[in-house]
Amino acid sequence: MPDILIVGGGLAGIAAAAEAAREGWTVTLVEGHPYLGGRARSFMDRTTNEVIDNGQHAMMGCYHAMLGTLRILGTDHLIHRQPALKVAFADAAGRTDMLDASKAPGKFGVALGIWRLKHLPLRSRIAALWFAARMQYGGIRTDGMTCLDLLRAEGQPYDVIHRLWEPIILATLNAPMDKAAASLLLTVLRRAFFGDAENSCLYLPSAGLSAFVEPLEDLLTAGGGRVLTSTSVEACTTSDGRIADALLTTGEVIVVDRIVFAVPARSLHRITVDGNTFPLGSVPEPSPIVSVYLWYDQQWLEHDFVATLDTTIQWVFNRRLLTKADPNVVTSYPGHVAVTVSAGSELAGRSSEEIVTVCDQELRSLFPSARNAVLLHGVVLKERMATFLATPEVEPLRPSAALPWPNAALAGDWTATGLPATMEGACQSGVDAVRLLA
Ligand SMILES: Cc1cc2nc3c(=O)[nH]c(=O)nc-3n(C[C@H](O)[C@H](O)[C@H](O)COP(=O)(O)OP(=O)(O)OC[C@H]3O[C@@H](n4cnc5c(N)ncnc54)[C@H](O)[C@@H]3O)c2cc1C
């Protein structure tokens, strides 16, 4: 059985490692940080003693590669699964609405859900359904287009664009509509809404993200492999046109049979091959995500999550309904929500105190039930390099898994997966990289 070295312990590297271990390969995984998970990890908030993530993450039923990885790790039971797509919307005028796809099977349920949206006039709902039908049956072209270009070309009225498509675009592409690649939006919508009913359901972590990948070390060790954390690969050398060995920051040299580089582009640039910079194109521009965790003296939100309209904040997740917490923590902090702001460059420039105030005030104006709640604690997390900025110009530049050396492959959410920079893209790239080397 082959040996494989995986560089990077984010989800791409973890998916690659799990897939290789499943095939019976001996896997060594090297991760620069002291923890696994990369941009999808959790830690303990010291004030509340509650585990939080580096930002609220959401999955969908169409995350087949990620679900496959979690099944290998035996942690897919930690997912909170919606039985059918249901998304609540709340706007600054205090109105709420619900996209409920549970009333009919599969894509018909989604169509019926759109049809029954109260906050969109009839003309707008017809336009949205027409676009959905064209997505499935028509020949929509997206060459070089942004999402906004596409939505306008498809005759989508202003209210549908801003009240239906924009929350989806921000959440899935982490880019403003006038910058995000339309091709990625179509892929996401087709995958989520035109397959099995389950594909469109939102899946949310019921435990800290790090718990999902915890069994990896035991899995690799059982196969004769190992996980090295706080250790980076800094240089590789080649022999006969193959990667021959990898030098770690600890000074150890690992002889390479096969290798997957599952690190972001900017990290790859720091790894040398035969003393030269890694042969790679440009590093894509990053796009930040701002996440805010707030604890209240009461549980004031009835929904499990809500898309918010006409506000700085975009999504609110009710952590008390979605995640399991220590009963003592729940007693001390009965209300706990996570707020996310994707493509949050403007917000990321403000102070944490200011961001907490903005979020708290907007929540109180969106949800009358929050008005008497006392804010006990807030944590602001600014992930400035959350994902790459997925513009139409960047799409053709994303590199494929194949590298100049036949025993090496590339993985990561930024590679040419055809998907946005998501946990699913990362996992799919990891699995594909291992299959390329099989
Ligand atoms: C706040 C936030 C919210 C998000 N929300 C969602 C969401 O709701 N849904 C969704 O699907 N996705 C979401 N994402 C995106 C998702 O987290 C990422 O797409 C995914 O985790 C990327 O995984 P990766 O393995 O490609 O990269 P990374 O997670 O960056 O992993 C790369 C790893 O390589 C390590 N490394 C780098 N150089 C070296 C080296 N030389 N040697 C050894 N190790 C090295 C790094 O330390 C890192 O751990 C979100 C991201 C953020 C930040």
Side-chain angles (χ1 to χ4, degrees), residues 5-17 28-42 52-60 62-63 65-67 69 170-174 188 192 202-205 209-210 212-213 227-236 246-250 254 259-272 278 286-293 305 314-315 317 338-344 348 380-388 390 398 410-415 417 419-430 433:
L5 174 62
I6 311 282
V7 188
L11 284 173
I14 288 166
T28 301
L29 184 141
V30 178
E31 164 56 47
H33 282 112
Y35 49 81
L36 295 181
R39 279 171 280 154
R41 64 184 183 282
S42 48
I52 57 175
D53 298 325
N54 64 316
Q56 176 70 46
H57 280 61
M59 299 159 251
M60 292 192 82
C62 59
Y63 274 32
M66 178 164 185
L67 293 168
T69 298
L170 286 167
T172 55
L173 307 189
N174 188 30
V188 167
L202 277 159
Y203 287 6
L204 291 148
L209 289 170
S210 296
F212 284 84
V213 301
V227 172
L228 303 174
T229 49
S230 304
T231 309
S232 296
V233 168
E234 56 181 24
C236 293
L247 171 66
L248 310 187
T249 42
T250 53
I254 296 186
I259 185 167
V260 172
F261 295 94
V263 303
R266 64 187 170 282
S267 307
L268 199 56
H269 264 286
R270 286 186 221 119
I271 299 175
T272 60
F278 205 97
S287 183
I289 297 179
V290 177
S291 309
V292 185
Y293 290 85
F305 56 87
Q314 295 159 0
W315 289 85
F317 296 85
V339 169
T340 60
V341 181
S342 298
V380 175
L381 301 167
K382 301 173 186 175
E383 283 274 12
R384 293 182 193 276
M385 307 217 195
T387 67
F388 67 88
R398 292 170 74 182
L410 194 59
D413 63 351
W414 61 284
T415 59
T417 60
L419 296 173
T422 52
M423 296 188 285
E424 174 65 3
C427 290
Q428 186 181 302
S429 73

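First listed ligand is number 1; within each ligand, the first listed atom is number 1.
- At the top of the distance list for atom 15 (C) of ligand 1, counting protein heavy atoms only, stands Ala421 O, 3.8 Å.
- Listed by number with element, the atoms of ligand 1 under 4.0 angstrom from any heavy atom of Gly412 are 26 (O).
- Looking at Ala58 next to ligand 1, an N or O pair under 3.5 Å apart turns up.
- When each of Leu248, Thr229, Ile6, Val227 is checked for a side-chain contact (heavy atoms from CB on, under 4.5 Å) with Val30, only Leu248 meets the rule.
- When every heavy atom of Ala343 is checked against every heavy atom of Asn174, the shortest pair comes out as N-OD1, 2.5 Å.
- Within the 4.0 Å heavy-atom criterion, both parts of Arg39, backbone and side chain, lie near ligand 1.
- Ligand 1 lies less than 4.0 angstrom from a heavy atom belonging to Tyr63.
- Ligand-side atoms of ligand 1 in range of Val263: 34 (O), 36 (N), 37 (C), 38 (N), 39 (C), 45 (C), range being under 4.0 angstrom from any heavy atom.
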Exercise for the section: Evaluate salt bridge (charged side-chain N to carboxylate O under 4.0 Å, His left out) for Arg41 paired with Glu31, printing each intermediate quantity in order. Expected result: CA-CA 13 Å; Arg41 64 184 183 282; Glu31 164 56 47; over 6 Å; no
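- The Asn54 neighbourhood of ligand 1 comprises atoms 1 (C), 53 (C), with distances under 4.0 Å to a heavy atom of that residue.
- Looking at heavy atoms from C-beta onward, Thr417 lies out of side-chain contact with Thr422 at the 4.5 angstrom threshold.
- Residue Ala262 touches ligand 1 through its backbone alone, judged by heavy-atom distances below 4.0 Å.
- Panel note: side chain Trp315, backbone Ala338; no donor-acceptor pair is recorded below 3.5 Å.
- Counting the atoms of ligand 1 from 1 in the order shown, those under 4.0 Å from a heavy atom of Ala386 are 52 (C), 53 (C).
- Near Glu383, the atoms of ligand 1 lying under 4.0 angstrom from a non-hydrogen atom of the residue are 1 (C), 53 (C).
- Protein heavy atom closest to atom 31 (O) of ligand 1, with residue, atom name and distance, is Gly10 CA, 3.3 Å.
- Proximity of Met60 to Tyr203: side-chain heavy atoms (C-beta onward) are nowhere separated by under 4.5 Å.
- Between Val7 and ligand 1, no N or O atom pair is found at a separation short of 3.5 Å.
- The shortest non-hydrogen separation linking Ser291 to Asn54 is OG-O, 4.1 Å.
- Any N or O atom pair closer than 3.5 Å counts here, and Gly32 shares at least one such pair with ligand 1.
- With Ser42 contributing its side chain and Ser210 its backbone, the two residues share a donor-acceptor pair below 3.5 Å.
- The N/O atoms of Asp413, backbone and side chain alike, include one that comes under 3.5 Å of an N/O atom in ligand 1.
- The protein non-hydrogen atom at the shortest distance from atom 25 (O) of ligand 1 is Ala12 N, 2.9 Å.
- Counting heavy atoms from C-beta outward, Leu29 and Leu36 have side chains that approach closer than 4.5 Å.
- Taking every non-hydrogen atom of Pro264 and a distance limit under 4.0 Å, the qualifying atoms of ligand 1 come out as 30 (O), 32 (C).
- Below 30°, between 30° and 60°, or above 60°: for Phe278 and Phe261 the angle between ring planes is above 60°, a perpendicular geometry.
- Close approach of ligand 1 to Ser232 is summarised as follows: ligand atoms under 4.0 Å from at least one heavy atom of the residue are 40 (C), 41 (N), 42 (N), 43 (C).
- Nearest protein neighbour of atom 34 (O) of ligand 1, counting heavy atoms only, is Gly8 CA, 3.4 Å.
- Shortest contact from atom 12 (N) of ligand 1 to any protein heavy atom: Met423 N, 3.3 Å.
- The shortest contact between atom 42 (N) of ligand 1 and any protein heavy atom is with Val233 N, 3.0 Å.
- Contact annotation for Thr422 and ligand 1: heavy atoms of both the backbone and the side chain come within less than 4.0 Å of the ligand.
- Contacts between Ser267 and ligand 1, counted as non-hydrogen atom pairs separated by less than 4.0 Å, involve the side chain only.
- In this structure, Arg398 and Phe388 have side chains that are in contact, with non-hydrogen atoms separated by less than 4.5 Å.
- At least one N or O atom of Glu31, backbone or side chain, sits closer than 3.5 Å to an N or O atom of ligand 1.
- With hydrogens left out, the protein atom closest to atom 23 (O) of ligand 1 is Ala426 CB, 3.5 Å, a heavy atom.
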Practice task
I would like to know whether Val263 and Val233 meet side chain to side chain contact (heavy atoms under 4.5 Å, CB included); could you show each step before the answer?
Solution key: CA-CA 10 Å; Val263 303; Val233 168; over 6 Å; no
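- For the pair Glu424 (side chain) and Met66 (backbone), a donor-acceptor distance under 3.5 Å is present.
- At least one donor-acceptor pair under 3.5 Å links the side chain of Gln314 to the backbone N or O of Ser342.
- Between the side chains of Thr387 and Arg39, no donor-acceptor pair of N or O atoms lies under 3.5 Å.
- Counting heavy atoms under 4.0 Å from ligand 1, residue Ile271 touches it through the side chain alone.
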Practice task
Let me see the working for Val292 and Val290 under side chain to side chain contact (heavy atoms under 4.5 Å, CB included), right down to the final yes or no.
Solution key: CA-CA 7 Å; Val292 185; Val290 177; 4.2 Å; yes
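- Of the N or O atoms in Leu11, one or more lie within a sub-3.5 Å distance of an N or O in ligand 1.
- Nearest protein heavy-atom contact of atom 13 (C) of ligand 1 is His57 CD2, 3.4 Å.
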